Structures are given as structure tokens and as C-alpha cells.
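Written out below as C-alpha cells is the structure these notes cover.
All values reported here derive from a predicted model rather than from experimental measurement. Chain A is the first sequence line, chain B the second, and so forth, proteins listed ahead of strands; every chain is numbered from 1. All values below were derived from every heavy atom in this structure, side-chain atoms included, with hydrogens, water molecules and symmetry-related copies excluded.
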Protein chains: 2
Amino acid sequence: MEYKQIDILTEESCEELHHDEAAVADAETKMPDDDMLFEASDFFKAFSDSSRLKIITALVSRELCVCDLCEIVGQSQSAVSHQLRVLRASRIVKFRREGKQVFYSIDDTHIEEIIRITISHLSEE
Amino acid sequence: MEYKQIDILTEESCEELHHDEAAVADAETKMPDDDMLFEASDFFKAFSDSSRLKIITALVSRELCVCDLCEIVGQSQSAVSHQLRVLRASRIVKFRREGKQVFYSIDDTHIEEIIRITISHLSEE
DNA sequence: TATTTACATGAACAATTTATCATATGTTTA
DNA sequence: TAAACATATGATAAATTGTTCATGTAAATA
């Protein structure tokens with residue numbers, strides 16, 4: 001990763017000077033640090049698969065057990081469990097066990113707002 | 001895709017009845033149609049890579065030419081162009097040509113809001 | 001008009017992601 | 001305690017994605 005940057009600077013960049021040095025400097029100042037960028041892109045990655053998005057959307061209004069989620073997304077229990085694992089890792093869903101069943105629900109208040117804004121945005125055009 | 005669903009229903013689902021049939025029916029009613037789900041997940045996919053997210057973040061406050069974007073994200077011109085292609089396809093950025101340079105900018109008013117909410121969400125914990 | 005500059009793109013390869021299959025774990029029930 | 005049920009998970013294969021390299025195109029300029 002570091003080597004790549006060195007390569008670019010020496011071989012590929014548009015000479016020594018950028019076209020709008022001030023804009024570049026300003027953008028670099030305002031840029032969130034790499035940790036935040038990786039965390040944020042991971043967060044969005046959770047929404048970037050239609051099966052996961054279906055799971056998230058289904059959970060917005062109520063908690064559901066895994067079996068019902070399989071029914072709703074039309075996928076195997078194993079596939080759904082793997083996706084839930086991803087969503088758990090991103091702390092988008094939480095779960096509680098009740099006997100043999102495990103109930104999942106949204107672990108965050110912002111999720112619904114983000115989905116709502118996005119859907120309304122995409123519906124506009 | 002269709003065949004997969006049939007397989008699941010006959011081989012894998014938890015018998016004939018779900019655990020909470022009403023909840024499943026309700027979730028299925030409220031579920032956006034598949035076209036919307038694919039479109040929305042594609043939209044989020046644009047944000048799911050840290051290089052693309054860096055490009056988007058840089059463009060939020062101003063338009064930038066490709067060369068300056070390369071400088072900011074620290075990647076080759078080719079890599080950045082390929083990413084811009086993805087962002088164009090999702091209609092997240094627009095561009096205008098000015099002589100030899102091409103200037104990119106955000107093609108949507110919701111983008112900043114979505115990023116802002118997400119960053120604030122991730123900063124909370 | 002030949003060259004240079006800025007950017008785009010196709011092909012190939014590497015890395016990552018997703019689905020499937022088999023199996024393991026935790027809980028209830030016979 | 002054995003069997004059944006609901007869910008989780010590791011390994012593998014298939015699909016997708018991201019980067020690089022080589023080359024193509026449009027505009028400016030020598």
C-alpha cells in the first residue's frame with residue numbers, strides 16, 4: 001500500500017504540481033482519518049448486498065427469528081446465518097435467544113433514517 | 001434464482017408453517033420490490049469501498065478534476081477512473097469537461113446527509 | 001499535423017465475497 | 001439421555017470486485 005503510493009508519485013502523477021493545489025490541500029485536511037473511512041465503508045458494505053438489505057428492511061419494524069428471515073429473503077438457513085454474522089459484526093443487528101430460536105433486531109436508531117433517506121432519494125428520479 | 005427458492009421451500013424451510021406467520025406476511029407486504037432493493041444495494045455498494053468513499057467525501061465540498069482526485073486518494077489514474085465509472089453508474093457523481101480536464105462533482109443533495117448521519121452514528125460509540 | 005496532456009477503458013489477474021454442503025452447538029422434548 | 005429442532009460455522013467453490021497494465025480517445029499545443 002505504501003509502495004503503491006510511492007510508485008504513483010514517481011511514475012504516474014501529473015507532474016509535481018496538481019492542478020488546484022489549494023483544493024487538494026483543503027480536501028486532505030477535511031478528509032476523515034483512515035480508520036474512520038474503513039469503518040464507514042464497512043458499515044455501508046453491510047447494506048450493499050440485496051439479501052442483507054432485505055434482512056435489514058424486514059427487521060426495521062419488528063424483531064424476527066432466523067427461520068422467518070429465511071422465509072422472507074428466500075434463502076437457505078445457512079446463507080442467512082452467514083449474512084446475520086456480517087450484520088452482527090457491523091453492529092447493525094443484535095440478537096436474543098429464546099429457547100431454540102434466536103431473535104434478531106436492529107441495534108441502532110440511525111439505520112431506519114439512513115434507509116428512509118436512501119429509498120426516498122432513489123424514488124425521486 | 002427461482003429454482004433456488006423452490007429448493008429451499010421443499011427441502012430446507014422449517015416445515016410448512018413459519019413461526020410467526022403474521023410477522024412474515026407483514027414484512028413481505030412492506031418489503032420494497034426487487035428492483036428497488038437491487039438499486040438501493042447498488043447505491044450503498046458505491047460507498048462500500050474506502051477509495052470510493054474517499055472520492056465521494058472529497059467531492060462533497062467542491063468539484064475536482066481526476067488528477068487532483070488521484071492525488072487525494074493516493075491511487076493511480078486508471079484506478080480512480082474505474083472507480084469514477086462506478087460512481088457515475090450509480091448517479092452519485094456527474095462530470096463536465098473543460099478542455100483536457102474532466103471535473104467531477106456530487107450529483108445529489110442527499111449524499112452529504114447520508115454521509116453525515118453515518119459518520120455521526122459511527123462516532124457515537 | 002505530430003506530440004503531449006488528461007482521462008477512459010478492455011483484458012487479465014488477485015483479492016474478496018457469497019452460497020453451498022457438511023457438520024457442530026445449544027435447547028427442548030420424548 | 002437420546003432424538004429432534006433451530007441456529008451457527010468451517011471448508012470449499014463460484015461469483016464478484018478491485019487493481020494493474022496496455023492502449024485508446026479527446027483536447028490542447030508545438
Side-chain angles (χ1 to χ4, degrees), chain A residues 1 3-8 11-20 38 41-42 44-55 63-71 73-90 93 95-104, chain B residues 1 3-8 11-20 38 41-42 44-55 63-71 73-90 93 95-104:
Chain A
M1 199 60 163
Y3 284 115
K4 279 180 198 165
Q5 290 208 337
I6 289 163
D7 286 349
I8 291 158
E11 290 170 14
E12 287 219 44
S13 78
C14 42
E15 275 83 67
E16 303 273 299
L17 297 149
H18 348 115
H19 297 113
D20 188 346
F38 283 121
S41 58
D42 267 2
F44 285 120
K45 198 169 290 174
F47 295 81
S48 72
D49 175 83
S50 61
S51 297
R52 279 198 299 269
L53 194 55
K54 219 165 184 172
I55 292 174
E63 71 169 10
L64 287 163
C65 68
V66 177
C67 175
D68 285 348
L69 282 170
C70 296
E71 190 68 27
V73 308
Q75 280 194 316
S76 73
Q77 180 268 313
S78 178
V80 169
S81 271
H82 280 295
Q83 300 290 23
L84 287 169
R85 187 179 160 80
V86 174
L87 295 176
R88 255 157 37 209
S90 303
V93 301
F95 64 97
R96 66 180 181 86
R97 179 176 274 278
E98 188 178 306
K100 285 179 289 188
Q101 287 171 280
V102 175
F103 287 89
Y104 280 82
Chain B
M1 200 60 162
Y3 283 116
K4 279 180 197 164
Q5 288 209 338
I6 289 163
D7 288 347
I8 291 157
E11 291 169 14
E12 287 218 45
S13 77
C14 43
E15 276 84 66
E16 303 274 299
L17 297 149
H18 348 115
H19 296 113
D20 188 345
F38 283 120
S41 58
D42 267 2
F44 286 120
K45 197 168 291 173
F47 295 81
S48 72
D49 174 82
S50 63
S51 296
R52 279 197 299 270
L53 193 54
K54 219 164 184 173
I55 291 174
E63 71 170 9
L64 287 162
C65 68
V66 177
C67 175
D68 286 347
L69 283 170
C70 295
E71 191 69 27
V73 307
Q75 280 194 315
S76 72
Q77 180 268 311
S78 178
V80 169
S81 271
H82 279 296
Q83 299 293 23
L84 287 169
R85 187 180 160 81
V86 174
L87 296 176
R88 255 157 37 212
S90 303
V93 301
F95 64 98
R96 68 181 180 86
R97 179 177 275 278
E98 187 178 305
K100 286 179 291 188
Q101 286 173 279
V102 176
F103 287 89
Y104 280 83

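- Atoms CD (Q101(B)) and C1' (dA28(D)) sit 11 Å apart, rounded to a whole Å.
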Protein heavy-atom contacts under 4.0 Å, written 5' to 3' over nucleotides 22-30 of chain C as B (base), S (sugar-phosphate only) or - (none), form the string B----BS--
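- Distance CG (L84(B)) to P (dC7(C)): 10 Å, rounded to an integer number of Å.
- When all heavy atoms of R88(B) and V93(B) are compared, the closest pair comes out as N-CG2, 3.8 Å.
- Taking the side chain as every heavy atom from C-beta outward, D20(B) and L64(A) never approach each other to under 4.5 Å.
- Of the candidates dA8(C), dT9(D), dA6(C), the closest approach to any side-chain atom of S81(B) belongs to dA8(C).
- In the set dA8(C), dC7(C), dA6(D), the nucleotide with an atom closest to the side chain of C67(B) is dC7(C).
- In this structure, Y104(A) reaches the sugar-phosphate backbone alone: every heavy-atom distance under 4.0 Å involves primed, P, OP1 or OP2 atoms, never a base.
- Residues D49(B) and V86(B) have side chains not in contact (no heavy-atom distance under 4.5 Å, counting atoms from C-beta outward).
- Taking the side chain as every heavy atom from C-beta outward, K45(B) and D42(B) approach each other to under 4.5 Å.
- Using bins of under 30°, 30° to 60° and over 60° for the plane-to-plane angle, the ring pair F44(A)/F47(B) lands in the tilted bin.
- Here dA6(D) presents its P atom at 16 Å from CG of L64(A), a figure rounded to the nearest Å.
- For dT9(D), one of the phosphate oxygens OP1 or OP2 lies less than 4.0 angstrom from a side-chain nitrogen or oxygen of R88(A).
- Distance, L69(A) CG to dA6(D) P: 14 Å, rounded to whole Å.
- A pairwise comparison of heavy atoms in R52(B) and A46(B) identifies NE-O, 3.0 Å as the closest pair.
- Between D68(A) and H19(B), the closest heavy-atom pair is OD1-N, 3.2 Å.
- The shortest side-chain heavy-atom distance between H82(B) and S78(B) falls under the 4.5 Å cut-off.
- Taking atom CG on L87(A) and atom P on dA8(D), their separation rounds to 12 Å, with Å as the unit.
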Between protein and nucleotides 12-18 of chain C, what N or O pairs are separated by less than 3.5 Å?
{"residue": "dT17(C)", "atom": "OP1", "partner": "K45(A)", "partner atom": "NZ", "Å": "3.2"}
{"residue": "dT18(C)", "atom": "OP1", "partner": "R52(A)", "partner atom": "NH1", "Å": "3.4"}
{"residue": "dT18(C)", "atom": "OP1", "partner": "R52(A)", "partner atom": "NH2", "Å": "3.0"}
{"residue": "dT18(C)", "atom": "OP2", "partner": "R52(A)", "partner atom": "NH1", "Å": "3.1"}

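- Looking at R96(B) and E63(B), their side chains come closer than 4.5 Å, going by heavy atoms from C-beta outward.
- Rounded to a whole Å, the CZ atom of F95(B) is 14 Å from the C1' atom of dT9(C).
- The phosphate of dT20(D) has OP1 or OP2 within less than 4.0 Å of a side-chain N or O from S76(B).
- Between the side chain of H82(B) and the base of dT20(D), at least one donor-acceptor pair of N or O atoms lies under 3.5 Å.
- The distance from atom CZ of R96(B) to atom C1' of dC7(C) is 15 Å, rounded to the nearest whole Å.
- Rounding to whole angstrom units, CD1 of residue I55(B) and P of dG18(D) are separated by 11 Å.
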